[in-house]
There are 2 protein chains.
Amino acid sequence: MPPRMQALSFALFAHMKSSPQAVTMSSGVRPSVRMEEVARHAGVSPATVSRVLNDRGKCSAKTRERVLAAIRDLGYVANAAARSLAQGRTGSLGFLLPTVGTDFMSSFLQVVASAATQEGYDLLIALRSESSLHRMLGRHNTDGVLIFGAAMGEASLRRIAAEGFPALLVYRSSPPGLSLPSIVIDNEAGVREAIDHLVQVHGRHRIAFLRGPAGNEDAARREEAYRGALLRHGLPFDPRLCRGGLGAEEARASTIALLRDQAAFDAVVGWCDAASIGAMDALRSEGRRVPADVSVVGFDDIGPARHLDPALTTVRPPTELVGRLAVLELVRRIQGVATEPQARLPVELIVRRSCGCSG
Amino acid sequence: MPPRMQALSFALFAHMKSSPQAVTMSSGVRPSVRMEEVARHAGVSPATVSRVLNDRGKCSAKTRERVLAAIRDLGYVANAAARSLAQGRTGSLGFLLPTVGTDFMSSFLQVVASAATQEGYDLLIALRSESSLHRMLGRHNTDGVLIFGAAMGEASLRRIAAEGFPALLVYRSSPPGLSLPSIVIDNEAGVREAIDHLVQVHGRHRIAFLRGPAGNEDAARREEAYRGALLRHGLPFDPRLCRGGLGAEEARASTIALLRDQAAFDAVVGWCDAASIGAMDALRSEGRRVPADVSVVGFDDIGPARHLDPALTTVRPPTELVGRLAVLELVRRIQGVATEPQARLPVELIVRRSCGCSG
DNA sequence: TTGTATGCGTTATCAC
DNA sequence: GTGATAACGCATACAA
């Protein structure tokens, strides 16, 4: 935010804070209509209304009609808290995630949110915050939680597992000994395929890698796979070619450092698309041509990948499937059904132009 | 999803569905610890525990300690439903939005989520779904709702207003007669500045516009402003230059149509960045140079905008401010404090290279 | 098929 | 300061 805007924002806040216009406390806030009122209106007992609402037990079509009419007339909406208390379930899922501000996370969240709705659950989201985490736990507030990546420390995971609270890890496997169910993708196969392609199709032999954050399991697996793939092709591992690329910024910097380093390279594999995009940016600004001089491959297939110039060749995880499966499995676990301890979903190499193909 | 993957997904689902490993129903699921147990453990009454938990009324530091210790030992977490029922508040905000899958929405959601956390509220998100909307209403389930753009029909808005349920519109103004509080941005000023810049600095006189979706208020305002700005500069409005550009795809198509149409133009203003990006894409693929042949300007300043080649000149709304203010105002409204009926926040023209500047 | 009564876990209003 | 007790609004045996 530029200074001027910031000043403005303070002014706005201050103004509104000190706004003296008294308090409208319960001006038009009539007490919300309860079930009892609906019952009276329909000439039945509250219990009957409850049955109609939940499709429990049989009741004559006529009373059913009357009740529904009353509900409509009065604009009745059940009090979620009371219902939860009585039923012992909240009807909502928690989703713990480190951030929603990235392309990848937002599209994943989209999938999870619609899957949750489809399964009849509300979605409560919490950004890596131990406090909101706390509230979600203890068989309260939420019927179960989806935990993305490293959004939650191992200590908390341990507690969840101990309490038997329904939880499912996504894009992260269970810490040893905990046996929390999880859904991960086949990072190894993805990177292996990518590098096989670079070596076999494009004859690349000096392949650099931009590594992800330390705590990130996917990042670690992909880096491992990178080294493994080099080995399989009999290529030496050159530490100068393996640099930090957390996001586009760092990737840009690393790529420029790579160029300055004189350590010749003819391909860059980013641990994620954002990193690869940063790399392409840097290469272009330094006068290198992609893919003529350097091939670039990413991982994630975020939205912009296909619109880059050249379009980014990248490894696509089955985001849609991961999200739907995650919600489904969590719901199943909430219902007490035993589920697979771990699902490892296959990825797919999307060949576009940044590797050198003409597709 | 490619066919092979789809088949696989079915296989996975089927497998898990038919998994015969019985039911773990309440295997390690011990009944959650309640307040009463904490009370016994600490040698006090439940009422005292409640006081300690909520900092209500005075109590000796010693009992306070004992209670806190008991809570820690037993890993007690308050039951949210019971608490809500007793207090008449849920401690969560609802956020109704059409989608989270776009750059713009995800960064806005990020702001809203962290603001909510900061204000001590959980965030319940609902993707344009009348059913989840329904649950959020009626003074239940959430203490108030944030409604983004056209995420909710006017009928529902009317009901909300009638019930006096705390609600705040964001990126959309209140329908006439409803007086729901709202926070909007100054679309007019943004487009006007952009077009002034194109005309005055770059001498552009044939300016095309890519219009947004019909129901979108921002889109409508921006288009109006486009026509207004042309008028002010004495430029004719040519309907052939005003085409659909909902997203990148349509924008691409429209731009190509524009070129085929022989209706000469030297600038394109997109109603949003995604549209402008699509336009740039099309221009490039058709052999036009940006900005040499055609200037391009966007609206939103989404993340990728600055990384395009050339970097996109665009109008930036104060997303951070809008989000924080929205949460703050909603909370204030929930607390019964009268708030401004409408805030119209200023935008800023971010001049980069796609307009022709060398910045 | 429908109504009555009780409990869900917490907070709040009282007495003590 | 602290402890009993009555709501909070709904679901669900159980009775009718």
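Sequence lines set the chain letters: A, B, ... in the order given, protein chains first and strands last, and positions in each chain run from 1. All values reported here derive from a predicted model rather than from experimental measurement.
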Undergrad: Checking side-chain polar atoms at under 3.5 Å, does B/E217 have a donor or acceptor matched by the opposite partner on B/S173?
TA: yes
Undergrad: Tell me: CD of A/Q87 to C1' of C/dC8, nearest whole Å?
TA: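 Rounding to the nearest Å, CD of A/Q87 and C1' of C/dC8 are 11 Å apart.
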Undergrad: With a 4.0 Å cut-off, would you call A/R34 and A/E37 a salt bridge?
TA: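 Salt bridge: no.
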Undergrad: Any salt bridge (Lys or Arg N to Asp or Glu O under 4.0 Å) pairs touching residues 65-85 of chain A, not counting sequence neighbours?
TA: none
Undergrad: From CZ of A/R56 over to C1' of C/dT2, roughly how many Å is that when rounded to an integer?
TA: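 It works out to 17 Å between those atoms.
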Undergrad: What integer distance in Å separates B/R34:CZ from C/dG9:P?
TA: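 One finds 5 Å between P of C/dG9 and CZ of B/R34, rounded.
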Undergrad: Between A/N79 and D/dC8, does any side-chain N or O lie under 4.0 Å from OP1 or OP2?
TA: no
Undergrad: I need the B/M152 CE to B/L96 CG distance, nearest 0.5 Å.
TA: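 Separation between the atoms: 5.0 Å.
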Undergrad: Mind checking what makes side-chain hydrogen bond (donor to acceptor under 3.5 Å, both in side chains) contact with A/Q118, not counting sequence neighbours?
TA: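 Partners of A/Q118 by the side-chain hydrogen bond (donor to acceptor under 3.5 Å, both in side chains) criterion, ordered by chain and then number, come out as A/R324.
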Undergrad: With rounding to the nearest 0.5 Å, note down the distance linking OH in B/Y171 to CG in B/L97.
TA: 13.0 Å
Undergrad: Considering the options B/L124, B/L93, B/I160, B/L169, which one meets the side-chain contact (heavy atoms from CB on, under 4.5 Å) requirement together with B/V145?
TA: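 By the side-chain contact (heavy atoms from CB on, under 4.5 Å) criterion, B/V145 pairs with just one of B/L124, B/L93, B/I160, B/L169: B/I160.
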Undergrad: Would you please confirm or rule out a distance under 4.0 Å between OP1 or OP2 of D/dG9 and any side-chain N or O of A/Y76?
TA: no
Undergrad: B/L85 CG to D/dC10 P: how many Å, rounded?
TA: 9 Å
Undergrad: Please list all pairs meeting salt bridge (Lys or Arg N to Asp or Glu O under 4.0 Å) that have one or both residues in residues 108-117 of chain B, counting only residues at least two apart or in different chains.
TA: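 Qualifying pairs: none.
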Undergrad: Please produce a list of atom pairs where a protein N or O lies less than 3.5 Å from an N or O of nucleotides 3-7 of chain D.
TA:
from: D/dG3; atom 1: OP2; to: B/S45; atom 2: N; distance (Å): 3.1
from: D/dG3; atom 1: OP2; to: B/S45; atom 2: OG; distance (Å): 3.3
from: D/dG3; atom 1: OP2; to: B/T48; atom 2: OG1; distance (Å): 2.5
from: D/dG3; atom 1: N7; to: B/R51; atom 2: NH2; distance (Å): 3.1
from: D/dG3; atom 1: O6; to: B/R51; atom 2: NH2; distance (Å): 2.4

Undergrad: Give, ordered by number, those residues of residues 59-69 of chain A having at least one heavy-atom distance below 4.0 Å to an atom of DNA chain C; if nothing qualifies, reply none.
TA: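 A/C59, A/S60, A/T63, in order of number.
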Undergrad: Can you figure out which of C/dT10, D/dT12, D/dG1 approaches the side chain of A/S50 most closely?
TA: D/dT12
Undergrad: What is the distance, to the nearest angstrom, from the CD atom on B/E36 to the P atom on C/dT11?
TA: 14 Å
Undergrad: In whole Å, what is the span from the CD atom of B/E37 to the P atom of C/dG9?
TA: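 Rounding to the nearest Å, CD of B/E37 and P of C/dG9 are 11 Å apart.
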Undergrad: Does B/R40 have any salt bridge (Lys or Arg N to Asp or Glu O under 4.0 Å) partners at least two apart in sequence or in another chain, and if so, which?
TA: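 Partners of B/R40 by the salt bridge (Lys or Arg N to Asp or Glu O under 4.0 Å) criterion, ordered by chain and then number, come out as B/E36.
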Undergrad: B/D55 CG to D/dG1 C1': how many Å, rounded?
TA: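 The answer, rounded to whole Å, is 15 Å.
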Undergrad: Without decimals, in angstroms, what is the distance between B/R89 CZ and C/dA12 P?
TA: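 Distance, rounded to whole Å: 11 Å.
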